[in-house]
Amino acid sequence: MPELPEVETYRRFIEETSLHQTIAEVEVQDPKRQLQLDLDDFRRALLRNQFTGTQRIGKQLFLLTAQGPIVTMHFGMTGDVAYYRDAADTPRFARAIFFFENGFKLAFLDSRKFGRIGLTQSVDAFRLQKKLGPDALTLSTEELTQGLAKKKSAIKPLLLDQRIAPGVGNWIADEVLFQAQLEPERPAHTLQPAEVDRLASAIREVLATAIAAEAVYRDFPSHYLIHAREWDTAPASPVKDAHLHCPRCQTPIQKKYVGGRATYFCPNCQV
DNA sequence: ACGAGTGTTTCACC
DNA sequence: TGGTGAAACACTCG
C-alpha cells in the first residue's frame, strides 16, 4: 500500500531499528528485476558500511551510509520493510535482506516485485534526474499553482504526476479531491485560485493525518472518503454497503475510471 | 476461476 | 513537443 504515509512510516521504522550497525552481508533474490545496478557493485558499496540516516521525497526513500553511497528504495505497489533476528522469522516475500553484524536483519518485502532498489551519490542529483517536485507533505499553494500552470488535463491524473506532487497516490488523490470538494475530471486550468488553495491544504492535511495514524486506514477520521472504498468494507462485514455513502451528504459514492485509474467520488459534493 | 489492483515506465498514436 | 491511453511488469487476494 505504499503511498507517502506508508513510506514515511517505513522511514521512521528504519531510523529506529537499522542505523549505525555494520552491514555484514546483502542478499537480493532477483537482482536482474529489482536491483538497478550490478549485485556485486551493490554489495561492495555496502559491506562493512553502515546506514547513518534517512531521507524521503514523495514515495522515494533514501538510506544514507557512512561511506557515502546512498541506497534508494521505491516500494512499488506492495513493498514493505521488516526487522527481525531469527532466520525462522524471515517474512514472506523478503526480496532483499541486509544482514547486520549484530545478528539482526532489515528486509525489503515485495510480493509483486514492482519495487526497486538502487544506489546514488546524491539525493539532489537523484531528485533532478527523476524530476521529482516538492514533497507533497509540505506542498504550498504557490508550488501547486506552479505545477498545474498551463495544464488542461483532468486534475486527478495531474495529482498522480510525481513531478507535481510527489507522494500522492491513487487513494490520496481521491481523498484530497473529496476533501477539497473538487470533481476528479475538472480540467486543471478551470480551477480558481481559491480552489487550488483548498486543494493544497487538503493534500497537506490528508497526508499529515495519514502519517499520524501510521497509515492504518481504519483509524482515519470518519469524514474521510477512504472508508467508502471496497477494500475497507470487505473484512468481516456482512453489510457490504455499510460505508458506501458520502460521509457529508449520504449520497451513494460512485466509482469511475479517470486516467485509467479507479476513482471514487461523491457526485453531489464534488464539483 | 477470474478479475482487479495502492505504482511507474514505455510505447504507439494523435 | 506534449498529452493520452494502453500495455507491461508479477503476484496475491477476494
With a cut-off of less than 4.0 Å, is there a side-chain N or O of A:Tyr257 near OP1 or OP2 of B:dG5? yes

With the side chain counted from C-beta on, respond yes when A:Arg204 and A:Ser201 share a heavy-atom pair under 4.5 Å apart, and no when they do not. yes

Verify the distance criterion only: is there a donor paired with an acceptor across the side chains of A:Thr9 and A:Glu214 at less than 3.5 Å? no

Aromatic plane relationship, A:Phe100 with A:Tyr83 - under 30° parallel, 30 to 60° tilted, over 60° perpendicular: tilted

Please work out which residues in residues 106-114 of chain A have a non-hydrogen atom less than 4.0 Å from an atom of DNA chain B and list them by number. A:Arg112, A:Phe114

Taking atom types as modelled, find out whether A:Glu142 and A:Gln146 have a side-chain donor-acceptor pair closer than 3.5 angstrom. no

Check whether any side-chain N or O of A:Gln162 sits under 4.0 Å from OP1 or OP2 of B:dT8, and answer yes or no. yes

Between A:Tyr224 and A:Thr209, do the side chains contain a donor N or O and an acceptor N or O under 3.5 Å apart? yes

Assess A:Lys256 against A:Phe265: is NZ or CZ under 6.0 Å from the centre of the six-membered ring, and within 45 degrees of the ring's axis? yes

Short side-chain donor-acceptor distance under 3.5 Å, A:Lys255 and A:Thr263: no

Provide the distance between the two P atoms, one in C:dC9 and one in B:dA1, to the nearest whole Å. 22 Å

Classify the nucleic acid contact of A:Phe75 as base, sugar-phosphate or nothing, counting any heavy atom under 4.0 Å across all strands shown. nothing

Is the shortest side-chain N/O distance from A:Lys255 to OP1 or OP2 of B:dA4 below 4.0 Å? no

Identify each atom pair where a protein N or O and an N or O of nucleotides 2-4 of chain C are less than 3.5 Å apart, giving names and distance.
from: C:dT4; atom 1: OP2; to: A:Ser153; atom 2: OG; distance (Å): 3.4

Any ion pair linking A:Lys105 and A:Asp89 (charged N to carboxylate O, less than 4.0 Å)? no

Using a heavy-atom cut-off of 4.0 Å across all strands, would you classify A:Gly169 as base, sugar-phosphate, or nothing? sugar-phosphate

